[in-house]
Engineer: 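Below is one structure. I have some questions about it.
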Amino acid sequence: MTRWPDGIDGLCYGGDYNPEQWPEDVWSEDVRLMREAGVNLVTVGVFSWALLEPEEGRFELAWLDRLLDLLHRSGVRVDLATATAAPPPWFSRRHPESLPMTREGHRLWPGSRQTFCPSSQAYRTAAVRLASRLAAHCAGHPALAMWHVHNEYACHNGHCFCDASAVAFRRWLRRRYGDLETLNHAWGTAFWSQRYGDWEEIGPPRLAPTFVNPTQQLDWWRFSSDELLDCFRAEREVLRRHTPDTPVTTNLMAARLKTLDYWTWARELDLVASDHYLQAEDRAAHVDLALAADMSRSLAGGAPWLLMEHSTSAVNWQPRNLAKQPGQMRRNSLQHVARGADGVMFFQWRASRAGSEKFHSAMVPHAGTDTKVWREVTGLGAELARIAEVKGSRVEAELALLWDWEAWWAVELDCHPSADLSFVELVRDHHTALWRRGVTTDLVHPAADLSRYRAVLAPSLYLVGDEADANLRRHVERGGTLLVQFFSGIVDEHDHVRLGGYPGAFRDLLGVWVEELFPLRAGETVRLDDGSRGSLWSELLHPDGAEVVASYQDGPVAGGPAVTRRGRAWYVSTRLAPTDLERLLGRVCDEAGVRPVCGAAPPPGIEVVRRRGPDGPGGRRRPSWLFALNHGDRAATLPASGVELLGGGEVDGRLVLPAGGVAVVREGG
Ligand code: GLA
Ligand code: GLA
């Protein structure tokens, strides 16, 4: 159940506020400007540990009190961070064993952030003590609206290979397997003389002469995600003790971070918050944004989520940090709202003068308020107020793209048929094709409830547990459509091959079996007899109940089937070129009755998403809002009717969207 920060009317608007970088007379200007911009929520204290606890056990909270009081007087609510993402220098000096260690055995030095081992007892104790102290001190403060635990868990220290981590890993393995016999079987240690006779012989998958046992690696990913989740839970518990009514969250990096199994994480949060930064040089960065937003919404189970950070303009950490074009920040922000965000926040409020992020854009730029960025910041605040009525409404999708962190970790382990296979790239292929078609997509775990989806797509779902296998079968039996891409259903949860021909788990369902895999050379493409092109992969594939939709015309398996279907269960054995995939998915969607939001595919560069409110009393029609965004440089028209909320005005059947423009239409009466 999502719990939203209370005391906020309408959508949340604000950002990370790190005023400890500035003399206090700047603070009063800050809150004046926040009011001007319509800011109603700021995240305070994310990196303040060294100031809050300047030496072990000595807390200095008076400045925080002054800050919270000031924000409260100004009507700005506070998302208070526990400040545990950056242990201060005194901590690292006193506990050098808490510094993280690389796979090669190098200790990392302090002087940055997230310099701690997730299994370090000293770190955990100190983090919980700080969170507890803050919670006890700030409980009941009227500005406190939400807790922000830590910051972007695993952004920099997802895996630590030190001895303390080794001990914790063994503890985790004992819980998972119970006895060594079971572990030896699961890890397949009969091969390469890896059999373990004593738990103490087991370590993290440190750098070894050659490939480390793959199941050991897979368990290491699982362990590392759980280990940081334990850190989160420990902080959350003390916060809940002191402030049971205040929601607790942390900021995820949806569709970006590989290290944490966010399906497990999302269940532990009172509300899903996520950060998103554009890959600035990518001309289709808005499509990637859509994927991240869809993922955030899916993690929230369809409930509203909070965009905790994005940027007003350039970031500082990419090779070339392109500034945003006029109007782009507005479009990015409203695109997140279109896809279910009920708040838009930035890193950070005021651009730093010093430190690593001084060239990262902010809401108040170095040049001050007579700037494009500030005008857009105040403009966006006003527009979010104008569309506040969308709060609490939901985006509904009829199509699910399967996404599983365990399958992602497993498919990208070493020693596979091709090192070119990237799970996220393949998901992105499908998501992009659907985006262009104007079909809204959820990301879904393969074992989750699929009953609301007409169609389910499984891009290279290499690892499939028995539960997921049964779930997908049920989906097809119930009349659902399923499309499976190559190298799916290959192994079980221990990374053991499902024998008898690939794609093991899905053989009967799809009515095919694969005799041998024929990955392609880098850059090589093959032709199909329906005019499509494939790359990356091909397979020697035999129909066994399925009909052949397209065959290979050339390449290593020329003449053999490439795309098949058994009723509603489709199989694609290569990576289709973007337009070919679009064509195929168009056909699959049409047959499955999955419709584009506007009835037909929108013009190129146009994005359309619908949010729906709850049922009205007495069977009143559900209100709905159509979000339309023009990412292109030419005006476009779309079918729509209702009241446009941003510019104001009736729309009567035909919405004209200028280049770069956004419209939010309250549909119907
Ligand atoms: C070498 C090794 C074998 C095996 C093969 C794989 O020849 O001796 O054990 O690993 O490589 O190609
Ligand atoms: C992340 C962090 C922020 C900041 C931004 C910069 O999202 O959470 O503290 O470093 O990146 O883009």
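In listed order, ligands and their atoms are each counted from 1. Owing to the predicted nature of the structure, the values given are computational and were not obtained by experimental measurement.
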Engineer: Should the heavy atoms of other residues, nucleotides or ligands under 6.0 Å from CH2 of Trp109 be counted, would the total exceed 12?
Structural biologist: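 Atom CH2 in Trp109 is not crowded, with 12 or fewer foreign heavy atoms closer than 6.0 Å.
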Engineer: Report the relative orientation of the aromatic rings in Tyr153 and His150; use parallel for angles under 30°, tilted for 30 to 60°, perpendicular for over 60°.
Structural biologist: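 Rings of Tyr153 and His150: parallel, under 30°.
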Engineer: In order of chain and number, which residues sit within 4.0 Å of ligand 2 by heavy atom?
Structural biologist: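 Ligand 2 pocket, heavy atoms under 4.0 Å: Phe47, Arg113, Asn151, Glu152, Asp275, Tyr277, Glu309, Trp317, Phe347, Glu357, His360.
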Engineer: Under 4.0 Å between a Lys/Arg side-chain N and an Asp/Glu carboxylate O for Arg331 and Glu376?
Structural biologist: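 No, this pair does not count.
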Engineer: For atom NE2 of His185, decide whether the heavy atoms of other residues, nucleotides or ligands shown that lie under 6.0 angstrom number more than 12.
Structural biologist: no
Engineer: List the atom pairs, donor and acceptor, that lie under 3.5 Å between side-chain atoms in residues 514-521 and the rest of the protein, sequence neighbours left out.
Structural biologist:
from, atom 1, to, atom 2, distance (Å)
Glu515, OE1, His542, NE2, 2.7

Engineer: If the plane angle is over 60° it's perpendicular, under 30° parallel, otherwise tilted; pick one for Trp49 and Phe91.
Structural biologist: tilted
